[in-house]
Each structure stands twice: as structure tokens, then as C-alpha cells.
Amino acid sequence: MSRKENPAPMEEQESQEQQPGEVTEEYRQEDETAAETFTVTREQMEKMEALAKQLEAAGDKYLRLAAEYDNYRKRTTKEKEGIYQDAKIDTLSKFLEVYDNLERAVNQPGDEDNAHKKGMEMIFHQLIGVLEKLGVSIEDPAGREFDPSKHNAVMHIDSEELGENVVSQVFQKGFLLGEKVIRFATVQVAN
């Protein structure tokens, strides 16, 4: 029969014109999406399951080790910062005695034109500048409310001029490094 006598739909005509041995596009797509199947023995299957368990255990062990190392790194960094901070506080606390002596010398009444007194004032101001550069703040709580976390009350007075729990006199200034107390301010508190 000729094509003119039997008009076939377009798809059939194309498939009829196909050469033997050629693979159609539809067949290729089906072949690519189909999963390959293998036959394995029970022994091989058990071996694969054991290897899968070993792989999972090794992966879990790796994750735990990585987390443990990360925690160790963070902990040692924090410890190093703490050790540095403690050493800095210990060193600075030794210089506070020098600060107190220089402050007493500068506050002594006397000859203001004396070269020695001017030298003491210059050294005292230089020490204050060095302490500030190191992050130390000087706590002079006169006239402020008493704070037991920063002040050490050694005396109490009854005063109607000052409010209750207000620092009336400072005997020794306090020092802070950030929020950490290096030395408590020694004060007198009004009741």
C-alpha cells in the first residue's frame, strides 16, 4: 500500500520512516529514568550494611571531634584572656600605691612655685594618663549613692544635708578596669 492510499497520523509516519537499529527519543527518556537493578548475595548485603554502619560511625566520630575541638579552642581563648586580664589587674594594683603617694604629695599645701612640686604634679598627671590608656577609670564617688559592688564603707555619719546612703567623704579612690574592680573606693556614708 502506498502512503497516499492509507494516510497515517504524523507520529506513525515518522516511526515508519525510522531506520532499523535506531532508538527513539521516548525510549531514551524511559531508559535514563529507569533505575538499574543488581542482584547481590546475602553475604554481600551484610558486608555493605556493615560498611554503611562503619561509615556512619566514622562520620559521627568526626562531627563530635570537630565540635570538641571548637569548644576547646573557645575555652582556651577565654582562659588566655582571663589570665591576661588577671595579670594586668595584679600589675596595676601595685601602681595604685604610687598613685596614692603622688596624690598626697600634690595635694599638700605649700609653695606652688616650687620646681619639685611642679615636677610631682607633672609625674602625677602622666601616671593618670597612662592608667587611662590602659583602660583604668578612677572612681571618685563623693556625693553619689553608695554602691557596695564598687565602694567599701568604713564609717557612717548622721547627716540631714545629705540623703540616706550617700557617700559623704572619700578616703581612698577606687579603680575599675572596664567593669571589674581593681580597688574598692574607701568611703564614709551618710545615714
Side-chain angles (χ1 to χ4, degrees), residues 52-191:
K53 286 180 183 178
Q54 283 179 345
L55 180 63
E56 185 179 334
D60 186 48
K61 184 178 179 181
Y62 169 76
L63 288 175
R64 289 179 188 273
L65 185 63
E68 188 175 319
Y69 174 73
D70 190 43
N71 290 339
Y72 167 77
R73 187 179 48 77
K74 289 176 184 176
R75 186 175 59 249
T76 55
T77 302
K78 190 175 180 181
E79 286 174 1
K80 285 178 187 177
E81 290 173 1
I83 291 170
Y84 174 72
Q85 196 77 343
D86 291 344
K88 192 174 178 181
I89 288 172
D90 288 343
T91 304
L92 289 170
S93 65
K94 304 293 185 230
F95 283 99
L96 298 183
E97 296 171 18
V98 175
Y99 175 89
D100 292 335
N101 291 330
L102 284 172
E103 184 179 36
R104 283 187 208 103
V106 167
N107 290 334
Q108 288 296 317
D111 189 13
E112 300 300 323
D113 295 329
N114 187 343
H116 293 293
K117 184 161 184 166
K118 285 183 180 180
M120 283 286 194
E121 288 173 355
M122 290 172 63
I123 293 169
F124 180 63
H125 292 298
Q126 185 178 17
L127 179 61
I128 291 172
V130 168
L131 291 174
E132 287 174 354
K133 285 180 184 175
L134 291 172
V136 176
S137 58
I138 300 169
E139 177 79 12
D140 188 4
R144 293 188 289 181
E145 189 169 332
F146 175 73
D147 182 1
S149 66
K150 295 180 183 176
H151 309 142
N152 181 21
V154 292
M155 292 178 66
H156 291 276
I157 61 162
D158 292 326
S159 174
E160 293 180 15
E161 297 169 5
L162 297 170
E164 189 171 331
N165 216 19
V166 173
V167 174
S168 60
Q169 188 177 357
V170 178
F171 299 116
Q172 195 175 43
K173 293 180 181 174
F175 292 86
L176 302 170
L177 181 62
E179 291 296 317
K180 196 163 185 177
V181 176
I182 298 174
R183 181 174 79 185
F184 292 92
T186 307
V187 298
Q188 178 183 32
V189 180
N191 288 336

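Residue numbers run from 1 in the order of the sequence given.
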If you round to the nearest 0.5 Å, how far is CG of Leu92 from CG of Leu176? 12.0 Å
Once rounded to the nearest 0.5 Å, what's the spacing between atom CD of Gln85 and atom CG of Asp90? 11.0 Å
Lys117: what forms a salt bridge (Lys or Arg N to Asp or Glu O under 4.0 Å) with it, not counting sequence neighbours? Glu112
Could you give the distance from CG (Asn101) to CE (Met120), rounded to the nearest 0.5 Å? 9.0 Å
Take atom CD of Gln126 as the centre, draw a 6.0 Å sphere, and report whether it contains more than 12 heavy atoms from other residues, nucleotides or ligands. no
Sub-4.5 Å side-chain heavy-atom contact between Tyr99 and Ile128: yes
Rounded to the nearest 0.5 Å, what separation is found between the CD atom of Glu68 and the OH atom of Tyr72? 11.0 Å
Is the closest side-chain heavy-atom distance between Ile123 and Leu102 below 4.5 Å? yes
With a 4.0 Å cut-off, would you call Asp70 and Lys74 a salt bridge? yes
Considering all heavy atoms, the nearest Val170-Ala142 contact: CG2-N, 3.6 Å
Nearest 0.5 Å, what's the CD1-NZ distance between Ile89 and Lys94? 12.5 Å
Val181 versus Phe175: any side-chain heavy-atom pair under 4.5 Å? no
Could you state the interatomic distance from CZ (Phe95) to CG (Asp100), rounded to the nearest 0.5 Å? 13.5 Å
Would you check, one step at a time, whether the test side chain to side chain contact (heavy atoms under 4.5 Å, CB included) holds for Met155 with Gln169? CA-CA 9 Å; Met155 292 178 66; Gln169 188 177 357; over 6 Å; no
If you look at every heavy atom in Ala185 and Gly174, which pair is closest and at what distance? CB-N, 3.5 Å
Contact between Lys88 and Leu177 at the side-chain level, heavy atoms closer than 4.5 Å - yes or no? yes
Arg64: which residues meet the salt bridge (Lys or Arg N to Asp or Glu O under 4.0 Å) condition with it, sequence neighbours left out? Asp60
Mark yes or no for whether Thr186, through its side chain, and Phe171, through its backbone, hold a donor-acceptor pair below 3.5 Å. no
What is the minimum heavy-atom distance between Val189 and Ala153, and which atoms define it? CG2-CB, 3.7 Å
Any side-chain heavy atom of Val130 sitting closer than 4.5 Å to one from His125? no
Any residue meeting ring-ring contact (aromatic ring centres under 6.0 Å, His included) with Phe184, in chain and number order, not counting sequence neighbours: none
Any luck finding a side-chain donor-acceptor pair between Glu164 and Asn191 under 3.5 Å? no
Residues two or more places apart in sequence or in another chain: which of them pass salt bridge (Lys or Arg N to Asp or Glu O under 4.0 Å) with Glu103? Lys173
Within a strict 4.5 Å, meaning less than it, do heavy atoms of the Val187 and Asn152 side chains meet? no
Who are the salt bridge (Lys or Arg N to Asp or Glu O under 4.0 Å) partners of Arg104, not counting sequence neighbours? none
Using the side chain to side chain donor-acceptor pair (under 3.5 Å) rule, collect all pairs that involve residues 139-148, keeping only residues at least two apart or in two chains. Glu139-Arg144, Glu139-His151, Asp147-Ser149
